[in-house]
Protein chains: 2
Amino acid sequence: MKLKQLLLLSLAALAGNICLAQDIKEDFSPSVLNQPGQQYPQVNSQGYVRFRIQAPRADSVRVSLGLGGRGGTLLTKGDDGYFTGTTAGPMDEGFHYYHVNVDGGVFNDPGTLNFYGSTRWESGIEIPAHDQDFYALKDVPHGTVDQVLFPSKSTNTSRRAFVYTPPDYSKETNKRYPVLYLQHGWGEDETAWSNQGHANLIMDNLIAEGKIKPFIIVMTYGITNQLRFGHMKEFKIDTFQTVLTEELIPYIDAHFRTLANRDNRAMAGLSMGGMETHTITLNKPEIFSHYALLSGGIYTPEELKDKQKPKLIFISCGSKENPGRVKQAADELKQAGYNVTSFVSENTAHEFLTWRRSLYQLAPLLFR
Amino acid sequence: MKLKQLLLLSLAALAGNICLAQDIKEDFSPSVLNQPGQQYPQVNSQGYVRFRIQAPRADSVRVSLGLGGRGGTLLTKGDDGYFTGTTAGPMDEGFHYYHVNVDGGVFNDPGTLNFYGSTRWESGIEIPAHDQDFYALKDVPHGTVDQVLFPSKSTNTSRRAFVYTPPDYSKETNKRYPVLYLQHGWGEDETAWSNQGHANLIMDNLIAEGKIKPFIIVMTYGITNQLRFGHMKEFKIDTFQTVLTEELIPYIDAHFRTLANRDNRAMAGLSMGGMETHTITLNKPEIFSHYALLSGGIYTPEELKDKQKPKLIFISCGSKENPGRVKQAADELKQAGYNVTSFVSENTAHEFLTWRRSLYQLAPLLFR
């Protein structure tokens, strides 16, 4: 019985592959995230990815991205010493992490840029999204992303943050700005929202179109990665909460022209950064007035009652996650009298296109 | 005869290796450039490097760094699926690029951070230098490194630059600052001077000690990497000169509080960036007043005569490069009446410790 099931599944998979294989359009071109001059990996107009890795004396090269066995793509060795292969199906639009297994060792694809995820610098690939215009690099005025090193007594070191300032920040020298504190997910760090998320370009474009009130974004490391994945419940917020609320916020308010009050301070995070946002905003409702969880859980009316009321709650996720839960939570919060917006990113999972779109939806709602 | 020489060389090398091997101190610790939580590569107090790469089904793993055959280190496979090996001798102090050859394919060491060099993101390792204090991350006020995207009509795109602003920049809101335009070398890009060079930390430390007049540093891509290495003479400066002098400088002067005049504008570059500095300062002596070539050639009195006189010329290199040429050029310039300083970095070659030290020597001389 079990064997029969397996055989049927294999036949179905085979049929699926053949069917898909016949349909693959040969319009592959280099991924936009490739290193300078690199021709592979390539993406076609359907979202298939083709890999090509040189390893003339290797026996086996497998890429972790794809829909084949073990959730990856096994490459085939050619006479030229290159292993090549194409994903068994189209990938979701947007950004994906991956790595390459060469004879049992884990390496990055030398063709692509690296992005910090899964607590290591991973290879990245971009499947062009039909709505990619909102995070494209355009000929509009650009803000800056400033690397700051702020002193942290509680952790006895200088810590790094990236600060997005809007295009008019250097010109409007008497103007002060609201601030969004924006957190990455587990396995990532303070580079994620700029590198993978294009937060700066999303803001530049929204500002150029006059769709938002310009604000500053601060991104720092959430001190989350000492945890093993799957042990999130062991996470203690105290260390990060101290760094954020007692060290980083005062530093930012002293070094940037901020509107340094609750009404003009928001916190948002994706995935584990959403968990951090959830906990810290509930612990410190006097510090933040706008809360946003991107694929990072929900708020309930019970949690919020008897606390200073948020001016906005934003909850989002990808349609391939648990959109029902997000919508239900939003309904319950709305009924309890909160100003809440929910957003579901169509045809995306727990990945960065979900969060780029979430930021794009969130930004116009902030500090109104 | 040739064979006899080879045999003698081999014996000498063997003797050398045995001798060295006996002397290796077992005080290895993880390189400071390792990715979070990674134990390898490791460095000992003598400057030996030990590598450890997992690749259970690979036949051969070689690291490009070391003093073994083909200028690298061949690793030995253990029963645990890890390849390990130690360089045949100590490495020079400072930063080195390297990569890993796994069964004929070129990959990065998954243990370390990546740095852009040789027109790809390479693995990096740091051999602690006896004078590393001057570029250490210390508990002093830190400036910021701002990523700016500036419009470039001549190349029809937004281009990236990094701008170091001193610690007091955000406080002294009426103060204006001189600017150093600082170029990377061939194969590198605008990230090199911050990531590999620690230019920001060198500045923070010098400013904290009151040793320099604070200034801004601007680092952008020198558009050098379309050239193959060894074909430098084919390089045309026009494209980059236009971007730098007609697009970037006006942008910086419009968006940062600069002293926007020749007396307060310097240009420096390492290696190919020195060649660019040499050419552009000679083409545009009305724009820059301070010139610095770091392992990047020399000026001659003949080149400079009949042009607006520079206020300072700085020429440097590593002691393992061609220090005699640097010293001779400085003597000739001095005799011709120029204000010139030369610097030779002891026991370093064409690598980043030479250039960190050069910046440390150069900065106090600028804008006096």
Side-chain angles (χ1 to χ4, degrees), chain A residues 35-38 53-61 81-83 99-100 102-110 112-114 116 119-121 137-151 156-158 162-163 165 169-171 173 189 194 200-201 204 225-226 254-257, chain B residues 35-38 53-61 81-83 99-100 102-110 112-114 116 119-121 137-151 156-158 162-163 165 169-171 173 189 194 200-201 204 225-226 254-257:
Chain A
Q35 293 196 26
Q38 295 297 314
I53 308 273
Q54 188 178 26
R57 295 185 296 281
D59 298 316
S60 158
V61 177
Y82 285 86
F83 286 77
H99 52 258
V100 180
V102 182
D103 282 352
V106 173
F107 299 94
N108 285 331
D109 185 339
T112 70
L113 295 176
N114 301 152
Y116 198 70
T119 72
R120 62 183 297 273
W121 286 87
L137 174 64
K138 296 187 198 174
D139 187 15
V140 298
H142 295 291
T144 69
V145 179
D146 303 355
Q147 174 191 281
V148 305
L149 298 170
F150 64 98
N156 197 28
T157 184
S158 290
F162 290 100
V163 181
T165 64
Y169 186 86
S170 65
K171 302 273 191 187
T173 54
D189 69 8
S194 302
N200 54 325
L201 300 179
D204 290 345
N225 295 343
Q226 73 276 40
H255 289 80
F256 290 83
R257 296 193 315 276
Chain B
Q35 293 195 28
Q38 295 298 314
I53 308 275
Q54 187 178 27
R57 294 185 296 280
D59 298 315
S60 156
V61 178
Y82 285 87
F83 286 76
H99 53 258
V100 180
V102 182
D103 283 350
V106 172
F107 299 94
N108 285 331
D109 184 339
T112 70
L113 296 176
N114 301 153
Y116 197 71
T119 72
R120 64 184 296 273
W121 286 87
L137 175 63
K138 296 187 200 175
D139 186 16
V140 298
H142 295 291
T144 69
V145 179
D146 304 355
Q147 176 191 282
V148 306
L149 298 170
F150 65 97
N156 197 27
T157 184
S158 290
F162 290 100
V163 181
T165 64
Y169 185 86
S170 65
K171 301 276 191 182
T173 54
D189 69 8
S194 302
N200 54 326
L201 300 180
D204 291 344
N225 295 343
Q226 72 276 42
H255 289 80
F256 290 83
R257 297 193 313 278

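This one's a predicted model, so the numbers in the text were calculated from it and none came from an experiment. Computed over heavy atoms, backbone and side chain alike; hydrogens, waters and symmetry mates excluded. Chain naming here is simple, since letters A, B, ... match the order of the sequence lines and numbering starts at 1 in each.
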Residue B/Asp189 versus chain A: region with a heavy atom under 4.5 Å: neither
Nearest 0.5 Å, what's the CZ-OG distance between B/Arg57 and A/Ser60? 5.5 Å
With sequence neighbours left out, the residues meeting salt bridge (Lys or Arg N to Asp or Glu O under 4.0 Å) with B/Arg120 are B/Glu122
Partners of A/His255 by side chain to side chain contact (heavy atoms under 4.5 Å, CB included), sequence neighbours excluded? A/Tyr251, B/Ser170, B/Lys171
Determine, stepwise, if the pair B/Leu201 / A/Leu149 fulfils side-chain contact (heavy atoms from CB on, under 4.5 Å). CA-CA 10 Å; B/Leu201 300 180; A/Leu149 298 170; 3.9 Å; yes
Rounded at 0.5 Å granularity, tell me how far CG in A/Asn156 sits from CG in B/Asp139. 8.0 Å
Please report the shortest heavy-atom distance between A/Ala55 and B/Val102, naming the atom on each side. CB-O, 4.4 Å
Less than 4.5 Å to any heavy atom of chain B: does that hold for the side chain of A/Asp109, its backbone, both, or neither? neither
Look at A/Tyr116, A/Phe256, A/Tyr82 and state which one has the largest set of heavy-atom pairs under 4.5 Å with chain B. A/Tyr116
So which heavy atom on A/Gly105 is nearest to which on B/Pro56, and how close? N-CD, 3.8 Å
Closest non-hydrogen atoms of A/Asn108 and B/Phe107, given as atom of the first, atom of the second and distance, are O-CD2, 3.4 Å
Would you call B/Arg257 and A/Thr173 a side-chain contact if the rule is heavy atoms closer than 4.5 Å? no
Checking heavy atoms, do the side chain of A/Val106, its backbone, both or neither come under 4.5 Å from chain B? backbone
